[in-house]
Amino acid sequence: MLDRKYIVENAEAVKQNCIHRGIEADIDRLVTLEQQRRELLNQAQELNRQANEVAKTIGKAKNDAERDARKEEGRKLREQKDEVQSQHDKLDKEIVCLQGGIPNLSHPDAPIGEDDKSNLEIRKGEHAPLSFDFQPLDHVELAEKLDLIDFEGGARVAGAGFYFLKNDAVLLELALQQYALRMLMGEGFTPVTTPDLAYTEILHGTGYIPRGPETQIYSIENSNLNLVATAEITIGGLLSGQTVDAEELPLKICGSSHCFRTEAGAAGRASRGLYRVHQFTKVEMFAFTLPDQSDAMLDHFCELECRIFDGLGLPYRVVDTATGDLGGPAYRKFDLEAWMPGRGENGEYGEVTSTSNCTDYQARRLNVRFKRKGEKGTQFVHTLNGTALAISRALIAVLENNQQPDGSISVPQALRPWVGKDVIGSPSEVFLSRDEE
RNA sequence: GGAGAGGUGGCUGAGUGGUCGAAAGCGCGGGUUUGCUAAAUCCGUGACCCUUCGGGGUCCGCAGGUUCGAAUCCUGUCCUCUCCGCCA
């Protein structure tokens with residue numbers, strides 16, 4: 001949410017930004033309503049002040065007659081105040097509604113464009129896409145041959161979009177989590193596991209909308225709890241309503257959580273196999289920072305994402321997200337797109353991570369503030385989030401890029417300590433296990 | 001799930017209808033004293049919003065209600081703690 005005063009005072013800039021973002025918002029109406037609201041607020045406050053004044057004299061009244069007269073006076077003032085107040089509240093409600101639909105401001109360097117076609121490639125990873133001297137398979141075929149994923153079983157239990165990881169894929173999931181968490185802990189992140197459910201107000205605060213036909217969110221019936229779409233929601237909510245000391249910032253937290261997404265309206269989009277599923281595991285980075293730290297933190301998050309994918313030996317490119325593709329809360333966003341040899345005709349890049357600087361947009365609604373010692377008042381913190389590893393999509397890239405001519409998968413060096421083997425599905429594996437018997 | 005207790009400022013904790021934005025202590029900021037440190041002592045110290053910058057309004061978990069007036073009374077609700085049950 002943007003600051004209301006800021007919107008009123010910078011209406012033209014906000015309007016222009018909405019155009020760049022491809023979002024329709026009636027800024028003029030908001031400005032008009034806000035002016036009316038302030039007028040009503042002043043009236044209500046004045047009436048309230050008068051009523052308070054009257055109330056104070058009642059205890060000191062000399063006799064019953066005077067007391068009754070003053071009571072009547074007070075009652076009338078309250079009635080007037082209630083009337084004005086309710087008009088005010090009505091306006092305020094509409095303003096909040098309009099205000100909630102206005103996206104964050106955009107970084108001046110973010111490419112301007114209406115959708116992901118305008119995203120700007122800014123960098124490539126250490127490793128170039130391999131050219132296979134055989135026809136590479138996609139991860140669905142690989143997983144089937146090696147008995148790594150059971151999509152049919154998942155569908156039987158919970159419907160399309162759910163799956164069982166099996167055998168070494170389970171070890172791969174755990175290995176990827178370990179790999180990412182260890183690296184982040186080494187970078188000063190505090191690791192957490194988070195609730196997989198969160199209150200509706202926390203989702204709103206982070207910019208997710210749990211109701212409506214297009215919602216991405218699963219909600220729990222007869223409660224105000226929702227399955228989280230990312231640990232960004234829970235970690236962001238961790239400090240909601242809190243005021244932290246400026247010296248404690250920046251606060252870097254990494255969390256592992258399950259992510260649940262309905263993917264409503266996503267039918268028809270590239271979604272084979274693990275690419276677009278209703279549940280996956282994700283290691284997320286999150287930071288609460290001072291306002292002047294957030295630009296550098298975004299670069300830091302992006303660099304860590306690169307290091308994670310370079311460390312896995314996976315080819316990728318980094319994309320600077322265009323204004324029209326930023327969503328509501330992000331001020332600037334970088335995506336990593338990993339090379340997936342089995343995607344499309346001859347391989348394609350597919351989004352695997354995303355890191356955003358949300359400035360004070362989430363903090364304002366979550367009400368997370370900081371206070372500088374010796375300074376009066378408080379300010380909103382900045383929040384940032386970034387994917388360290390979304391296991392499902394990382395798994396696609398790992399399986400497809402490391403496939404061997406014999407159909408086996410070479411386990412990336414970085415994961416071997418946790419997977420406990422160099423190759424998944426090699427013939428030698430079969431010999432080994434026989435030898436051991 | 002059953003039975004109790006409780007939610008007050010950064011923290012501990014008083015406050016059962018008006019003089020309470022709220023005692024006291026701790027913490028924090030500053031002054032004095034002191035060779036430094038420590039100790040003592042004094043003063044100050046919540047947040048948000050509006051403002052014609054004089055000031056004003058709101059906030060005691062949250063939402064309603066009673067009242068001229070609510071931290072205080074009533075209703076609902078959420079959360080926390082303790083005990084029992086159940087369970088990983």
Side-chain angles (χ1 to χ4, degrees), chain A residues 1-9 30-96 99-100 193-205 210 219-226 234 237-249 251 258 288 291 360-381:
Chain A
M1 189 161 59
L2 283 184
D3 179 47
R4 205 180 285 185
K5 208 186 268 178
Y6 181 90
I7 298 170
V8 171
E9 287 168 6
L30 190 151
V31 171
T32 308
L33 291 177
E34 174 62 5
Q35 276 156 359
Q36 292 171 10
R37 187 193 69 87
R38 287 217 188 149
E39 180 53 36
L40 288 169
L41 179 65
N42 286 334
Q43 283 178 31
Q45 287 192 352
E46 176 57 21
L47 287 166
N48 203 223
R49 190 191 64 76
Q50 289 175 19
N52 284 344
E53 216 165 67
V54 169
K56 274 182 199 162
T57 66
I58 288 172
K60 297 168 192 154
K62 291 183 192 70
N63 53 52
D64 284 356
E66 187 186 331
R67 185 166 303 138
D68 287 344
R70 304 251 86 182
K71 278 189 185 179
E72 184 53 28
E73 198 183 337
R75 192 180 296 127
K76 277 193 174 140
L77 283 166
R78 291 283 178 209
E79 273 169 17
Q80 288 177 47
K81 181 232 152 192
D82 286 346
E83 171 58 27
V84 174
Q85 183 74 47
S86 77
Q87 287 177 42
H88 167 276
D89 291 350
K90 216 175 121 194
L91 281 187
D92 193 57
K93 214 172 159 189
E94 193 179 343
I95 292 166
V96 167
Q99 196 180 358
T193 63
T194 91
D196 284 336
L197 272 68
Y199 286 131
T200 301
E201 61 186 278
I202 299 291
L203 270 77
H204 276 139
S219 295
I220 307 291
E221 220 176 336
N222 300 322
S223 81
N224 57 341
L225 287 166
N226 312 270
T234 47
L238 184 64
L239 291 183
S240 65
Q242 306 292 303
T243 302
V244 298
D245 288 338
E247 302 96 278
E248 288 174 42
L249 300 175
L251 218 55
H258 293 120
F288 299 94
D360 60 2
Y361 192 88
Q362 291 178 324
R364 183 167 292 109
R365 242 196 291 209
L366 287 169
N367 194 20
V368 186
R369 299 159 178 274
F370 71 90
K371 182 169 171 53
R372 282 203 174 88
K373 272 210 167 73
E375 266 182 32
K376 192 92 182 138
T378 56
Q379 292 178 61
F380 293 111
V381 302

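These figures come from a predicted structure and were not determined experimentally. Reminder, nothing fancy here: chain letters follow the sequence lines and each chain counts from 1.
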**Request:** Check the pair E83(A), Q87(A) against side-chain hydrogen bond (donor to acceptor under 3.5 Å, both in side chains), reporting the backbone distance first and the verdict last.
**Result:** CA-CA 7 Å; E83(A) 171 58 27; Q87(A) 287 177 42; 3.2 Å; yes
**Prompt:** Given that both distances must come in under 3.5 Å, which nucleotide forms a Watson-Crick or G-U wobble pair with G17(B)?
**Reply:** none
**Prompt:** Is the phosphate of C48(B), meaning OP1 or OP2, less than 4.0 Å from a side-chain N or O of T378(A)?
**Reply:** yes
**Message:** Please compare G74(A) and R37(A) by the position of their nearest nucleotide in RNA chain B and report the one closer to 5'.
**Reply:** R37(A)
**Message:** Using the P atom as the point on both nucleotides, what is the distance between A22(B) and G57(B), in whole Å?
**Reply:** 13 Å
**Same-atom distance (C1') from G15(B) to G4(B), integer angstrom** = 24 Å
**Prompt:** To the nearest angstrom, how far is Q379(A) atom CD from A47(B) atom P?
**Reply:** 13 Å
**Request:** Under a 3.5 Å limit for both distances, which nucleotide forms a Watson-Crick or G-U wobble pair with A23(B), could you say?
**Result:** none
**Request:** Calculate the interatomic distance between E79(A) atom CD and U66(B) atom P; express it in whole Å.
**Result:** 11 Å
**Distance in angstrom units between R364(A) CZ and C48(B) P, rounded** = 13 Å
**Asked** Quick one: D82(A) CG to G64(B) P, roughly how many Å, whole number?
**Response** 12 Å
**Prompt:** When you compare U12(B) with C74(B), how far apart are their P atoms, in angstrom units rounded to a whole number?
**Reply:** 26 Å
**Prompt:** Are E79(A) and K76(A) close enough for a salt bridge, meaning some N to O gap below 4.0 Å?
**Reply:** no
**Message:** For a quick test of reading the model, state the closest non-hydrogen atom pair linking Q99(A) to L2(A) and the distance between them.
**Reply:** NE2-O, 2.8 Å
**Asked** Under a 4.0 Å N-O cut-off, is there an ion pair linking R49(A) with E53(A)?
**Response** yes
**Prompt:** Is the glycosidic torsion of G9(B) within 90° of 0, making it syn, or is it anti?
**Reply:** anti
**Asked** For F370(A), what residues pass the ring-ring contact (aromatic ring centres under 6.0 Å, His included) criterion, not counting sequence neighbours?
**Response** none
**Message:** Any base atoms under 4.0 Å from K371(A), or only sugar-phosphate, or nothing? Heavy atoms, all strands.
**Reply:** sugar-phosphate
**C60(B) versus G13(B) - spacing of their C1' atoms, nearest Å** = 13 Å
**Asked** Taking any strand in view, what nucleotide pairs with A88(B) in a Watson-Crick or G-U wobble way, both distances under 3.5 Å?
**Response** none
**Prompt:** Does one side chain, of R78(A) or N52(A), offer a donor that lies under 3.5 Å from an acceptor on the other?
**Reply:** yes
**Request:** Measure across L91(A) and R37(A) and return the closest heavy-atom pair with its distance rounded to 0.1 Å.
**Result:** CD1-N, 3.7 Å
**Prompt:** Is there a Watson-Crick or G-U wobble partner for G29(B) with both distances under 3.5 Å, and if so, which one is it?
**Reply:** C43(B)
**Request:** Encode nucleotides 51-63 of chain B as B, S and - characters from 5' to 3', where the letter depends on protein heavy atoms closer than 4.0 Å: B to the base, S only to sugar-phosphate, - to neither.
**Result:** S----BSS-----
**Prompt:** Within the pair R70(A) and C68(B), is there a side-chain N or O less than 4.0 Å away from OP1 or OP2?
**Reply:** no
**Message:** Work out how far the C1' atom of G61(B) is from that of C78(B), and round it to whole angstrom.
**Reply:** 8 Å
**Asked** Starting at CZ of R372(A) and ending at P of G46(B), how long is that distance when rounded to a whole Å?
**Response** 20 Å
**Prompt:** Counting only Watson-Crick or G-U wobble pairs whose two distances fall under 3.5 Å, which nucleotide matches G6(B)?
**Reply:** C79(B)
**Request:** In whole angstrom, give the distance that lies between atom CG of N367(A) and atom C1' of C48(B).
**Result:** 9 Å
**Prompt:** Can you check the R67(A) CZ to G17(B) C1' distance for me, whole Å?
**Reply:** 14 Å
**Asked** How far does the P atom of U72(B) sit from the matching atom of G17(B), given to the nearest Å?
**Response** 11 Å
**Request:** Take atom C1' in C86(B) and the same atom in U77(B), then report the distance between them in whole Å.
**Result:** 26 Å
**Prompt:** Mind checking what makes side-chain hydrogen bond (donor to acceptor under 3.5 Å, both in side chains) contact with Q50(A), not counting sequence neighbours?
**Reply:** E46(A)
**Asked** CD of Q80(A) versus P of C68(B): gap in Å, rounded?
**Response** 16 Å
**Prompt:** Using purine N1 to pyrimidine N3 plus N6-O4 or O6-N4 for Watson-Crick, or N1-O2 and O6-N3 for G-U wobble, both under 3.5 Å, which nucleotide pairs with A70(B)?
**Reply:** none
**Message:** Looking at G35(B), which nucleotide sits across from it as a Watson-Crick or G-U wobble partner, both distances under 3.5 angstrom, or is there none?
**Reply:** none
**Request:** Inspect the contact between R38(A) and E34(A) and indicate whether a charged nitrogen and a carboxylate oxygen are less than 4.0 angstrom apart.
**Result:** yes
**Prompt:** Roughly how far apart, to the nearest Å, are G10(B) and C83(B) at atom P?
**Reply:** 30 Å
**Asked** Any idea which of G18(B), C78(B), C48(B) is nearest the Y199(A) side chain?
**Response** C78(B)
